[in-house]
Protein chains: 2
Amino acid sequence: MNVIPAEQRTLRADARRNRERILASGRDLFARLGPEAQMDEIAAHAGVGIGTVYRHFPTKEALLTEMVRVRFQEFSEIALSVDDVDPREALETIMRRSAEAVEGDAGFQLAMMGSNELEWEGVEQQKAALAEVVGRVISRAVAAGAVREGFTFEDFAMVMCGVTATMYYKPGSADWRRYLELMLHGVCAP
Amino acid sequence: MNVIPAEQRTLRADARRNRERILASGRDLFARLGPEAQMDEIAAHAGVGIGTVYRHFPTKEALLTEMVRVRFQEFSEIALSVDDVDPREALETIMRRSAEAVEGDAGFQLAMMGSNELEWEGVEQQKAALAEVVGRVISRAVAAGAVREGFTFEDFAMVMCGVTATMYYKPGSADWRRYLELMLHGVCAP
DNA sequence: TCATAACCGGAATCTTAGCTCCGGATGCTG
DNA sequence: CAGCATCCGGAGCTAAGATTCCGGTTATGA
């Protein structure tokens, strides 16, 4: 009985195909419904049986985690891509583009807000990496006097949490943009 | 078979007592755990049987709704109490005191964020009343040039949503205060 | 004090969703 | 193309939590 759905051992062609389909289906439904998305639906939408889903991902949480991890990576990449431009602008870009990246992905929105509804274990690492990169940008911005004294990564997280909450609880609306502007105005130095 | 737990028909003494207990217990547990709070617990904590809970409130939602409604009322009262002071200060007070009123009440926090997780039907009315009162204060503030041009009740709601989200997802932390300051700074006119 | 309508408690029921299991199908290797 | 390890499907198991049901209890008014 082999339980390891690991990447290392070469999967049989059909298995690999199914794995991809499940991931895609999961991404889609999870984004649309958040954690409410049910395993049956994900399986059906992927065109496979439930058993197949569970062979590739031992629990629902594992599936969600896998997808959230990828998202966080995108996040870090955004932050990295502006690591060397004008700090004020960099911060703005990070916030704006991050928000856009999250738009329409209810599942990730919850993860973003730090929802303890799920364990998300394994995502912590990604988060730390993000904190690292963004933290650097923030320090630079503060040092340059571009944002309020004492602004921290924690604050950044709260702001994004607020923006995300707005998206999550008002799906389809673009109101979060106005909100973000408000925040950016609040963040910048007097 | 009489199903109506109405206020009009005089309840038997013990019935009224139980109803109060259930409400109190619900308030407590709902505040602590949010909608996760289970009917068994609420019954037990109130010292009555589950059946009794269901006799007074036909569904869990009905119980939650009842309590959320009361909370919203408090909210409106806060807003009313500052309806005539300096608009800038009034708005600040509303935000600050509202936030404080919500602190520690996870259930209401969700309702506040506009969570569609529950139907909250019957609360809409309270919400409208709140919008009315707060809207007036906002108009005055805008007219007086105390806050940014174009600031609306919608924006106010988003800000509170953000503050609330911070509380909800970081229970016990007082970080939301710093966040609120940030917001107030962002809201005020340049 | 009695009769009785109004209540009460909580075991049992119903429902939903995650997860397991195993007979059968299928890609790979020689 | 045979043999087999790997993989697949989806009925059914299980847990959790909301809600119902009904035999027993209690307040109330005469």
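A, B, ... follow the sequence lines: proteins, then strands. Residue 1 opens every chain. Any value given below was found using the heavy atoms of this structure, including those in side chains, with hydrogens, waters and symmetry copies removed.
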Between E74(A) and R71(A), is there a side-chain N and carboxylate O pair less than 4.0 Å apart? yes
Ignoring backbone atoms, test whether R12(B) places a side-chain nitrogen or oxygen under 4.0 Å from the OP1 or OP2 oxygen of dT26(D). no
Nearest-nucleotide 5' precedence on DNA chain D, R17(B) against D40(B): D40(B)
R177(A)/E181(A) salt bridge by N-O under 4.0 Å criterion: no
Taking OH from Y54(A) and C1' from dC22(C), how many angstroms apart are they, rounded to a whole number? 18 Å
Determine, for R12(A) against D14(A), whether the closest basic-nitrogen to carboxylate-oxygen distance falls under 4.0 angstrom. yes
Would you find more than 12 non-hydrogen atoms of other residues, nucleotides or ligands less than 6.0 Å from Q125(B) atom CD? no
When the nearest nucleotide of DNA chain C is assigned to G49(B) and to I50(A) on a heavy-atom basis, which residue is associated with the more 5' position? G49(B)
Among the nucleotides dC28(C), dG9(C), dC19(C), which one has an atom lying closest to any side-chain atom of T52(B)? dG9(C)
Ranking G51(A) and M39(B) by the position along DNA chain D of their nearest nucleotide, the one closer to 5' is G51(A)
I want to check one thing: is the phosphate of dC7(C), taken as OP1 and OP2, less than 4.0 Å away from some side-chain N or O of N18(B)? no
Let me know the distance between CG of D14(A) and P of dG24(C), rounded to the nearest Å. 19 Å
R55(B) CZ to dG24(D) P, in whole Å, measures 16 Å
dA18(D) C1' sits how many Å from L64(B) CG, rounded? 12 Å
Rounded distance in Å - CD1 (I22(B)) to C1' (dC8(C)): 11 Å
Contact between E132(B) and F153(B) at the side-chain level, heavy atoms closer than 4.5 Å - yes or no? no
What's the NZ-P distance between K60(A) and dT16(C), to the nearest Å? 15 Å
Take atom CG of L33(A) and atom P of dA17(C), then tell me their distance rounded to the nearest Å. 12 Å
Nucleotide dA16(D), atom P - distance to CD of E41(B) in whole Å: 13 Å
With a 4.0 Å limit, can you tell me whether H56(A) has a side-chain N or O closer than that to the phosphate oxygens OP1/OP2 of dC8(D)? yes
